[in-house]
Amino acid sequence: MEYSEFIPNSGYRLIQDDTHFRLGTDSILLAAFASYKKNMRICDLGCGGGALMILAAGRAPTAKIDGLEILPSAVELAQRNITLNQLNDRLTVTPGDIGNVKGILPANGYDLVISNPPYFSSGPVSSSAEIASARSESSCTLKELCAAASLLLKSGGKVAIVYRCERLAELISELKSVNLEPKRLRFVSYNSKKPPKVFMIEAMLDAKPGLTVEAPLFISDDNGNTSDEVKKIYGMD
């Protein structure tokens, strides 16, 4: 089943369907977490239907953004979303494998790489092969993601990723192995009484060590109401 909805705090719309991984809170928070500057070039690795690209386009209105996606049906959906929002002059989606990105996208060509990658080494059972692929590492390993980001970034460029807390040490190890130095880290919790399940991290290519751990982001207050910060991110304030 296909439907469209407004993307929070962007003015854009997103076509979604039941056969692809849907827009979730993680992508919305990551788009708000990433660092932007004028006239930058951004790459979304594993862009799916284009949601994170379009969120980034709303926050970086002068940026040129390329998306890379391995699933042909997702590439088609992303292109439809780009056209729907009249962003063809700034956003481009390219079919391709993150593990073989050399020659597909320009090496050392980006100021920022963003990604909401698969969290699990093996995906949960799903009636949709596309959703199963989006949630597992069958089409993109953590090592491949970090290597691709390192290849694509300019020296001093940044990569911003949202990921599961139980794999924090693994991600930091993979980042550092390709000369991406973690610089900012922020945990995301449902509220102050719950341990975090995901985190957002930003690393810089060719940087010196020095990591800032930011205050945690709470989705709700302890009474179950949406937090003020999340309201602001969603444009609800």
Side-chain angles (χ1 to χ4, degrees), residues 5 7-10 12 14 16 20-36 42-60 63 65-71 74-75 77-78 81-82 91 93-94 96-99 101 105 110 112-121 123-124 126 128 130-149 152-153 158-168 170-172 174-175 180 182 184-188 196-203 217 219 230 233-234:
E5 62 180 340
I7 300 177
N9 205 16
S10 70
Y12 298 126
L14 186 71
Q16 302 193 85
H20 293 90
F21 198 68
R22 300 178 187 176
L23 172 65
T25 301
D26 291 353
S27 289
I28 295 168
L29 298 183
L30 180 64
F33 172 78
S35 299
Y36 305 103
I42 302 172
C43 181
D44 179 3
L45 290 175
C47 68
L52 183 55
M53 293 175 67
I54 293 171
L55 284 161
R59 292 186 173 275
I65 306 175
D66 295 331
L68 184 71
E69 174 55 48
I70 195 170
L71 294 172
V75 171
L77 183 60
N81 279 315
I82 291 168
L91 272 60
V93 60
T94 300
D97 183 356
I98 291 173
V101 71
L105 295 174
Y110 295 92
L112 174 67
V113 170
I114 52 177
S115 186
N116 180 4
Y119 288 160
F120 307 104
S121 56
S126 172
S128 167
E130 286 84 0
I131 292 176
S133 176
R135 297 191 66 181
S136 74
E137 291 186 16
S138 59
S139 60
C140 171
T141 67
L142 197 54
K143 182 181 288 292
E144 289 171 335
L145 175 68
C146 294
L152 295 174
L153 285 170
K158 299 174 181 179
V159 56
I161 299 170
V162 58
Y163 217 59
R164 294 281 293 193
C165 286
E166 61 264 31
R167 301 188 70 181
L168 172 60
E170 181 184 359
L171 176 54
I172 288 178
E174 294 293 357
L175 288 168
L180 285 164
R184 295 170 57 218
L185 174 64
R186 191 172 195 192
F187 293 99
V188 180
K197 290 187 176 181
V198 301
F199 64 89
M200 298 177 292
I201 193 166
E202 188 175 76
L217 191 161
I219 303 298
V230 169
I233 290 170
Y234 273 75

Q: List the steps, then state whether side-chain hydrogen bond (donor to acceptor under 3.5 Å, both in side chains) holds for Ser35 with Arg184.
A: CA-CA 10 Å; Ser35 299; Arg184 295 170 57 218; 3.2 Å; yes
Q: Go through Leu168 and Leu185 one step at a time and tell me if the side-chain contact (heavy atoms from CB on, under 4.5 Å) criterion holds.
A: CA-CA 10 Å; Leu168 172 60; Leu185 174 64; 4.1 Å; yes
Q: Applying side-chain contact (heavy atoms from CB on, under 4.5 Å), run through Met200 and Ile161 and close with a yes or a no.
A: CA-CA 6 Å; Met200 298 177 292; Ile161 299 170; over 6 Å; no
Q: Could you tell me whether the side chain of Leu105 reaches within less than 4.5 Å of the side chain of Tyr110, counting heavy atoms only?
A: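 The answer is yes; the side chains approach within 4.5 Å.
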Q: Donor-acceptor check, side chain of Asp44 to backbone of Ser115, threshold 3.5 angstrom: yes or no?
A: no
Q: Under 6.0 Å from the ring centre and within 45 degrees of the ring axis: does the NZ or CZ of Arg186 meet both conditions for the six-membered ring of Phe199?
A: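 No, Arg186 does not sit over the ring of Phe199.
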Q: For the residue pair Cys47 and Met53, what are the closest heavy atoms and their distance?
A: CB-SD, 3.8 Å
Q: Would Leu142 and Tyr163 count as a side-chain contact (heavy atoms from CB on, under 4.5 Å) here? Give the steps.
A: CA-CA 10 Å; Leu142 197 54; Tyr163 217 59; 3.7 Å; yes
Q: Out of curiosity, Leu55 CG to Tyr12 OH, how far, rounded to the nearest 0.5 Å?
A: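 Going from the CG atom of Leu55 to the OH atom of Tyr12 covers 10.5 Å.
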Q: Spell out, as yes or no, whether a donor-acceptor pair under 3.5 Å connects the side chain of Glu69 to the backbone of Gly48.
A: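 Yes; at least one donor-acceptor contact below 3.5 Å.
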Q: Got a second to check how far Thr25's OG1 is from Leu30's CG, nearest 0.5 Å?
A: 12.5 Å
Q: Which pair of heavy atoms, one from Ile98 and one from Leu145, lies closest together, and at what distance?
A: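 Looking at all heavy atoms of both residues, the closest pair is CG2-CA, 3.9 Å.
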Q: What distance separates Ile42 CD1 from Leu112 CG, expressed to the nearest 0.5 Å?
A: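 Here the interatomic distance stands at 5.0 Å.
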Q: Just so I know, are the side chains of Thr94 and Val75 near enough to count as touching, which here means a heavy-atom distance under 4.5 Å?
A: no
Q: Apply the test side-chain contact (heavy atoms from CB on, under 4.5 Å) to residues Leu217 and Val230: give CA-CA distance (whole Å), side-chain angles for both, the deciding distance (0.1 Å), then the verdict.
A: CA-CA 8 Å; Leu217 191 161; Val230 169; 3.7 Å; yes
Q: Working to the nearest 0.5 Å, report the span between CZ of Arg164 and CZ of Arg167.
A: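 So the CZ of Arg164 and the CZ of Arg167 are separated by 10.5 Å.
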Q: Is any side-chain heavy atom of Leu153 closer than 4.5 Å to one of Lys158?
A: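 They are not in contact (no side-chain heavy atoms under 4.5 Å apart), so the answer is no.
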Q: Ignoring hydrogens and angles, tell me if any N or O in the side chain of Ser27 forms a donor-acceptor pair with the backbone of Gly24 under 3.5 Å.
A: no
Q: Measuring only between side-chain heavy atoms, which start at C-beta, is Val159 closer than 4.5 Å to Ile114?
A: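 A side-chain contact under 4.5 Å is absent here.
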Q: For residues Lys197 and Glu166, report the shortest heavy-atom separation together with the two atoms involved.
A: O-OE1, 4.4 Å
Q: Taking all non-hydrogen atoms of both residues, which atom of Pro196 and which atom of Phe187 are closest, and how far apart?
A: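 That closest heavy-atom pairing would be CB-CB, 3.8 Å.
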Q: Please report the closest heavy-atom contact between Gly49 and Leu14, naming both atoms and the distance.
A: O-CD1, 4.2 Å
Q: Minimum heavy-atom separation for Ala149 and Leu180, please, with both atom names.
A: CB-CD1, 4.2 Å
Q: Does Gln16 use its side chain to pair, donor to acceptor, with the backbone of Leu23 at less than 3.5 Å?
A: yes
Q: Quick check: does any side chain N or O of Glu174 sit under 3.5 Å from a backbone N or O of Leu171, one acting as donor and the other as acceptor?
A: no
Q: What's the separation between atom CG in Leu91 and atom CD1 in Ile82, rounded to the nearest 0.5 Å?
A: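 So the gap between those two atoms works out to 5.0 Å.
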Q: Please name all residues satisfying salt bridge (Lys or Arg N to Asp or Glu O under 4.0 Å) with Asp66, sequence neighbours left out, ordered by chain then number.
A: Arg41
Q: Are side-chain heavy atoms of Val162 and Leu29 found at a separation under 4.5 Å?
A: no
